[in-house]
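All ligand and atom numbering here is 1-based and tracks the order in the structure. None of these values were measured; they are calculated from a predicted model. Residue numbers start at 1 and run along the sequence shown.
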Amino acid sequence: MSNILYVGNKNYSSWSLRPWLCLRWAGIPFEEREIQLAQPGYGTHAIAEVLRVAPNGRVPALHTGGLVVWDSLAIAEWAAEEAPAAQLWPADPRLRAEARAVVAEMHSGFANVRRDMSMNIRRRVEVRAFPPETRADLQRIEAIWDDLRTRFADRGPWLFGARTIADAFYAPVATRVRTYGVKFSRAASSYCDAVFADAEFLAWEAACVPDSWDAHGFSVIDGMYAKP
Ligand SMILES: N[C@@H](CCC(=O)N[C@@H](CS)C(=O)NCC(=O)O)C(=O)O
């Protein structure tokens, strides 16, 4: 059965990176089709090319055997069921429940980080100050990473020791920490290093191309908080 994963611009589409990593980590073969999303500020309407492949007008979307699975988390869950041996969720049921909570918090939360710190994998910005609500989001992310890395340090470099869907969901956040020069604790920073050393992440990063409009920046950070 052929699998096609539609993703957005690799440098910017954080939701696309997440299931892409899950499929690669699980060794599930797929063809990847990148759709160039409109530049931020262009408008909120879904572009026709995306609507042709995803009913919600957003990427990522997976097409598999006549089935369309839209939404990053639904695709990650599909991958976990498709390749159980890959253990994309922790095997222990209690840890699995915790990993799902960590992923759900990312999937439904951290709106301020998303607003102020758009993913831009190749970019590096010097930030003067983040607004308090964004700092609160970052503190919460740091606390999650610190706690998990402390508890599972002896099992491997990932949040729950071995690589899971939780890492796919926080990998784009690690790139934001790097892009915006966030100072995190040693444990949280070393977690970012694990993401940046991952072969599949490196493959995605190598394919990231900043667009011409990127030189001018586009996030709230650029307008309000970045050093000139
Ligand atoms: N909750 C969705 C969010 C998907 C989403 O917002 N995707 C963005 C790209 S990262 C998108 O397709 N935006 C449409 C556009 O920019 O035209 C998921 O988890 O997949």
Side-chain angles (χ1 to χ4, degrees), residues 3-26 28 30 32-64 67-82 88-89 99-123 137 141 164-177 179-180 195 200-201 204-205 207-214 216-222:
N3 304 313
I4 302 171
L5 183 68
Y6 292 90
V7 298
N9 317 34
K10 284 191 161 173
N11 194 45
Y12 312 103
S13 184
S14 56
W15 292 114
S16 300
L17 170 56
R18 294 174 168 115
W20 187 93
L21 283 174
C22 292
L23 295 181
R24 294 282 286 243
W25 288 345
I28 297 171
F30 65 101
E32 163 197 314
R33 294 193 191 161
E34 191 174 339
I35 297 177
Q36 296 303 307
L37 299 174
Q39 74 181 74
Y42 177 82
T44 50
H45 58 280
I47 58 175
E49 198 181 348
V50 181
L51 273 172
R52 272 197 292 276
V53 300
N56 62 342
R58 292 182 179 273
V59 284
L62 174 78
H63 289 210
T64 175
L67 172 73
V68 179
V69 187
W70 65 95
D71 193 281
S72 56
L73 184 49
I75 300 168
E77 289 283 9
W78 175 88
E81 291 187 11
E82 185 74 7
L88 285 176
W89 288 118
R100 285 195 163 115
V102 162
V103 166
E105 191 170 346
M106 179 69 246
H107 194 245
S108 64
F110 303 125
N112 306 303
V113 158
R114 287 197 220 146
R115 179 195 63 198
D116 293 345
M117 304 171 69
S118 325
M119 189 175 89
N120 191 329
I121 290 181
R122 290 221 173 268
R123 196 146 193 254
D137 272 7
I141 290 166
T164 67
I165 290 172
D167 302 296
F169 271 71
Y170 284 87
V173 182
T175 77
R176 288 161 153 129
V177 166
T179 291
Y180 298 98
V195 171
E200 303 303 345
F201 172 80
W204 175 281
E205 185 182 35
C208 289
V209 183
D211 282 295
S212 53
W213 43 264
D214 190 34
H216 308 293
F218 58 81
S219 70
V220 175
I221 283 286
D222 289 298

Check: Is the closest basic N to carboxylate O distance between E49 and R33 below 4.0 Å?
Finding: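 Salt bridge flag = no for R33 with E49.
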Margin query: For atom 19 (O) of ligand 1, tell me which residue out of A74, A61, S72, P172 has the closest non-hydrogen atom.
Written below: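 Result: the heavy atom closest to atom 19 (O) of ligand 1 is in S72.
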Next item on the list: Measure from atom 11 (C) of ligand 1 to every heavy atom in M119, R58, R18, E49 and give the option owning the shortest one.
Entry: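 It is R58 that holds the nearest heavy atom.
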Note to self: Tell me whether ligand 1 is touched by V50 - counting only heavy atoms on the residue side and a distance under 4.0 Å.
What the structure shows: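 V50 does not count as a contact of ligand 1 under the 4.0 Å cut-off.
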Next item on the list: Measure the spacing between CG of N3 and CD of E32 and express it to the nearest 0.5 Å.
Entry: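 Answer rounded to 0.5 Å: 13.0 Å.
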Checklist line | Qualifying salt bridge (charged side-chain N to carboxylate O under 4.0 Å, His left out) pairs, either residue in residues 102-114, two or more places apart | finding: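 Matches after skipping sequence neighbours: E105-R140.
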Next item on the list: Check whether any side-chain heavy atom of Y170 lies under 4.5 Å from a side-chain heavy atom of M106, and answer yes or no.
Entry: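 When only atoms from C-beta onward are counted, M106 and Y170 do touch, with a gap below 4.5 Å.
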Item checked: By ring-ring contact (aromatic ring centres under 6.0 Å, His included) - contacts of W204 (at least two apart) ->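 For W204, the residues satisfying ring-ring contact (aromatic ring centres under 6.0 Å, His included) (neighbours in sequence not counted) are W20.
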Note to self: Has S13 got a side-chain atom pairing as donor or acceptor with K10's backbone, closer than 3.5 angstrom?
What the structure shows: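 Not confirmed, S13 side chain does not pair with K10 backbone.
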Note to self: Using a 4.0 Å heavy-atom cut-off, which part of D71 comes near ligand 1: side chain, backbone, both, or neither?
What the structure shows: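 Both the backbone and the side chain of D71 come within reach of ligand 1.
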Please could you name the atoms of ligand 1 that [X] approaches to less than 4.0 Å, counting only its heavy atoms?
X: P60; answer: 20 (O)
X: S13; answer: 9 (C), 10 (S)
X: H107; answer: 1 (N), 19 (O)

Note to self: Are any of the N/O atoms on G57, whether in the backbone or the side chain, positioned under 3.5 angstrom from an N/O atom of ligand 1?
What the structure shows: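 G57 vs ligand 1: no N/O contact under 3.5 Å.
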